[in-house]
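So the structure is just underneath, and the comments pick up after that.
Side chains included, hydrogens not; waters and symmetry mates left out as well; all remaining heavy atoms used.
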Amino acid sequence: MDYPRRVGGSGKTVYRRDYKSFRGVDFSSPPEQTDAAHSPDAVNIMSDDSGALVKRPGYRPVGKYDGRIFGIHRFEDGGVTRLLVHAGNTIWLHGASPKALISGVNEERSVSAVCGGRLWILTGREYLVFDKDRIDRVRDIAYVPTVKIGCDPATGAGTLHEAVNLLSDRRRLCFLGDGETLSYMIDADGYDSVESVTVNGCARSFSEDPGRKSVTFQTAPSKPPVPGQDNVEVVYRKSAEGKAEAIERCRVIGLFGAGGADADRLFFSGNPKRKNVDWHCGISAPGYGVDPTYVPDTSFACIGSDGCGIVGYRRLGSYQVILKEQNDQDASMFLRSGGLDAAGETCFYLTQGASGIGAAAAGTLANLGDEPLFLSKQNGICGITTSELEVKASVQNRSWFVDSRLKREKEPEKAFAAEWKGRYLLALNGHVYVLDSRQAKTYREHSGSGYVYECFFWDNVPAVCFCESDGELFFGTRDGFLCKFSTDCSDDSAVYRDISGGGEETAVCAWWTTGTEDDGFMGRRKKCLDRQCAVLLRQTGASASVGLDVSVDGGDWTSAAEFVPDCRFSFEKADFSDWSFFTCRSARSFCVGKKLGKYTTLSLRVKNCVIGENLLCEGITRSFFIDKKLKG
């Protein structure tokens, strides 16, 4: 711990304690061991680029929907950003007049990904696609694969071509007409119905046998105009129970591609009946591009133990990280790489990663810069790293400063996270834990990590899901309100207030507490000098009061001073009852006008709980001298 510095003085030696270049909270150290840059108790505070304390922005409702909001999905179409809101059993297109796109969907958390210029959504019961102001169920528009080509009319035998599509019960067969055979074998095991038959590209009438195994023509289809080229095409239906549900019941979606360079394929997992299995979409004809409506039944992979479910995916360089639940028996992380085989076909390979530390919830996976982060029930917020010398992923704690409080939160499986302006925000039970990548990383030996992020703690944020869009952060609430943080407002009085769905305004109540200081003289009393405790405040266009409280020897907080900086001149915000000729834009010091008294230990707290006001504290300083020894 750092100590006050000696600054001289006549008579008794005077010492000075400075608090500046604020970095974040430290809930994991005792208040007596907290250094001057950290706070053992701070709420609704951020540190700006210069190290000054500022309030978190307030929020306001921008939409009301029926039912809890289960997901907010962003889609950019032609340079226009659109938000889809999954509230209750309906997905809406957000706007001044919200438009209901589809109803009757599952009332659980939904996830989405953009692929091929469309937005693909999983609800845990449906697989949907949004395009051009409408939502379709993917099973209704799924690709029809050509399962065999060059089929013999009499036996149905041919060359396997494309795998069956899990999302569709429709299949296509291509025959080589011989000009003689009347009955064409479709499926020796039977089928549901034949949907269409074409010969040389033209529809033909046909009849089906009672056993539903073949179709019969009145006249035999001719030989193909081009020798060896299939000229008879049959599209038929053959259902299999639970086939489409394998994908529709998934709750996790991710993007990855061949070689790891292109994120062009959708991966699906999180089916509670197949916890350790994932699938990916395939290539469809005639364009031979990636098609999210086509999930071959051969595209599955079993990832580790079947008793431990897949929670989510993240990209890490040229690899896809597959995170699983907490698991003491098997690996909780795998790495997937992609490439091409000898035949030029895309193939994926799995490598086992770290064991023991699993993810608490899929919603907590987000990147901070280029580092994937997730919440672990036992280990706080963790980051995934790889060695440059070997393909092996490891997990390290990144939230040590807030872990003592974070690990006490109930229902961590309901947490949700997002990256916003260089910060990782984790919402849980009305609280938000913030990891700040914009500050220099810190090392704490007890964390067991190479580094940890500076952290902050916010309260009174009723978020159950996040969505970042064009630099703005939206969140949904349990009672159906779509809210956003008011960073788009230029007036502080609009930024620094929380507005509930009912229109009630409350202050963003923020404070920063120093550690419990004995000033390096544990066995002596100290005495602060008169008017030698000061707070350095940044000047703004509107007055923002700052209160200074003091706690002596662990006692209750008592008010020491209330500072109200003068306004800089502004016709827009001028209040002539608060008129001043002070126009300096630099920070200004305000001194405490009374003695703080004698103390063994001392804590200070700056705070602001006024609606529409910020808290812009650049630093705190106090001077003191050593007094009498403590009595035994």
Side-chain angles (χ1 to χ4, degrees), residues 59-75 77 81-114 118-141 244-245 247-253 268 270-272 312 361-364 410-418 425 427-430 432 460-469 472-485 498-504:
Y59 57 81
R60 67 185 189 274
V62 293
K64 176 66 174 77
Y65 298 90
D66 295 330
R68 173 182 173 136
I69 294 183
F70 293 103
I72 310 167
H73 308 284
R74 178 184 183 276
F75 180 64
D77 182 16
T81 300
R82 301 184 177 189
L83 292 183
L84 274 61
V85 179
H86 175 191
N89 68 353
T90 304
I91 297 179
W92 302 78
L93 180 61
H94 175 66
S97 299
K99 175 184 177 182
L101 298 175
I102 187 171
S103 298
V105 300
N106 195 26
E107 297 186 48
E108 290 188 19
R109 189 180 73 89
S110 56
V111 295
S112 64
V114 175
R118 292 186 283 181
L119 182 71
W120 307 87
I121 304 171
L122 289 173
T123 69
R125 193 177 67 194
E126 294 91 9
Y127 177 33
L128 309 169
V129 58
F130 170 74
D131 186 28
K132 301 187 184 305
D133 296 332
R134 60 174 291 168
I135 284 182
D136 291 302
R137 297 177 188 271
V138 176
R139 66 159 60 193
D140 294 336
I141 60 170
E245 286 80 359
I247 305 303
E248 292 172 336
R249 295 192 179 277
C250 288
R251 292 165 167 81
V252 176
I253 195 168
F268 312 89
N271 186 325
T364 68
K410 298 179 180 179
E411 299 182 303
E413 65 277 1
K414 294 183 180 180
F416 204 93
L425 275 60
L428 181 60
N429 301 322
V432 177
N460 191 38
V461 180
V464 294
C465 60
F466 282 129
C467 179
E468 188 276 337
S469 177
E472 303 296 331
L473 188 63
F474 295 80
F475 65 85
T477 70
R478 285 183 173 83
D479 50 357
F481 286 97
L482 177 66
C483 301
K484 70 175 297 187
F485 285 100
D498 290 337
I499 304 176
S500 68
E504 180 183 357

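In this structure the side chain of Ile253 reaches within 4.5 angstrom of the side chain of Phe268, judged on heavy atoms. Put simply, the side chain of Asp498 reaches to within 4.5 Å of the side chain of Asn460, judged on heavy atoms. Residues His73 and Ser110 form a side-chain contact, since some pair of their non-hydrogen atoms from C-beta on lies under 4.5 Å apart. Residues Lys484 and Leu473 have side chains not in contact (no heavy-atom distance under 4.5 Å, counting atoms from C-beta outward). Proximity of Phe70 to Val464: side-chain heavy atoms (C-beta onward) are nowhere separated by under 4.5 Å.
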Decide side-chain contact (heavy atoms from CB on, under 4.5 Å) for Asp479 and Arg68; before the verdict, give the C-alpha distance in whole Å, the side-chain angles of both, and the deciding distance to 0.1 Å. CA-CA 5 Å; Asp479 50 357; Arg68 173 182 173 136; over 6 Å; no

Verdict with reasoning, Glu126 to Arg249, per salt bridge (charged side-chain N to carboxylate O under 4.0 Å, His left out): CA-CA 7 Å; Glu126 294 91 9; Arg249 295 192 179 277; over 6 Å; no

side-chain contact (heavy atoms from CB on, under 4.5 Å) between Val85 and Ile91, worked out: CA-CA 6 Å; Val85 179; Ile91 297 179; over 6 Å; no

As a quick check of understanding, evaluate side-chain contact (heavy atoms from CB on, under 4.5 Å) for Ser469 and Leu83, giving each step before the final call. CA-CA 8 Å; Ser469 177; Leu83 292 183; 4.2 Å; yes

Does the pair Leu84 and Leu93 meet the rule for a side-chain contact (heavy atoms from CB on, under 4.5 Å), with working shown? CA-CA 5 Å; Leu84 274 61; Leu93 180 61; 3.8 Å; yes

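Residues Ala463 and Ala427 share a closest heavy-atom pair of O-CB, 3.9 Å. Residue Gly67 comes nearest to Ala87 through the heavy atom pair O-CB, 4.0 Å, listed as atom of the first residue, atom of the second, then distance. Contact detail for Ala361 and Ala415: the closest heavy-atom pair is CB-O, 4.1 Å. Residues Pro462 and Tyr59 come closest through the heavy atom pair CD-OH, 3.4 Å.
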Expected list for residues 98-109: side-chain donor-acceptor pairs under 3.5 angstrom, two or more places apart:
from, atom 1, to, atom 2, distance (Å)
Lys99, NZ, Asp133, O, 3.4
Ser103, OG, Thr90, OG1, 3.4
Asn106, ND2, Thr123, O, 3.0
Glu108, OE1, Arg251, NE, 3.2
Glu108, OE1, Arg251, NH2, 3.1

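Between atom CG of residue Leu482 and atom NZ of residue Lys64 there is a gap of 11.0 Å, rounded to the nearest 0.5 Å. Annotation: the span from Phe481 atom CZ to Ser500 atom OG amounts to 7.5 Å, rounded to 0.5 Å. Between atom CZ of residue Phe130 and atom CD1 of residue Ile135 there is a gap of 7.0 Å, rounded to the nearest 0.5 Å. Distance check, rounded to the nearest 0.5 Å: CG of Asp131 to CG of Leu119 gives 9.5 Å. Interatomic distance, Cys483 SG to Phe475 CZ, rounded to the nearest 0.5 Å: 4.0 Å. Here SG of Cys250 is found 15.0 Å from CZ of Arg125. Values are rounded to the nearest 0.5 Å.
Residues passing the side chain to side chain contact (heavy atoms under 4.5 Å, CB included) test with Cys465, sequence neighbours excluded: Ile69, Ile72, Phe416.
Side-chain atoms of Tyr65 and His86 form no donor-acceptor pair, as typed in the model, at a separation below 3.5 Å.
More than 12 heavy atoms of other residues, nucleotides or ligands shown are found within 6.0 angstrom of CG on Asn429.
Checked against the 6.0 Å centroid criterion, the rings of Phe474 and Phe485 do not qualify as a close aromatic pair.
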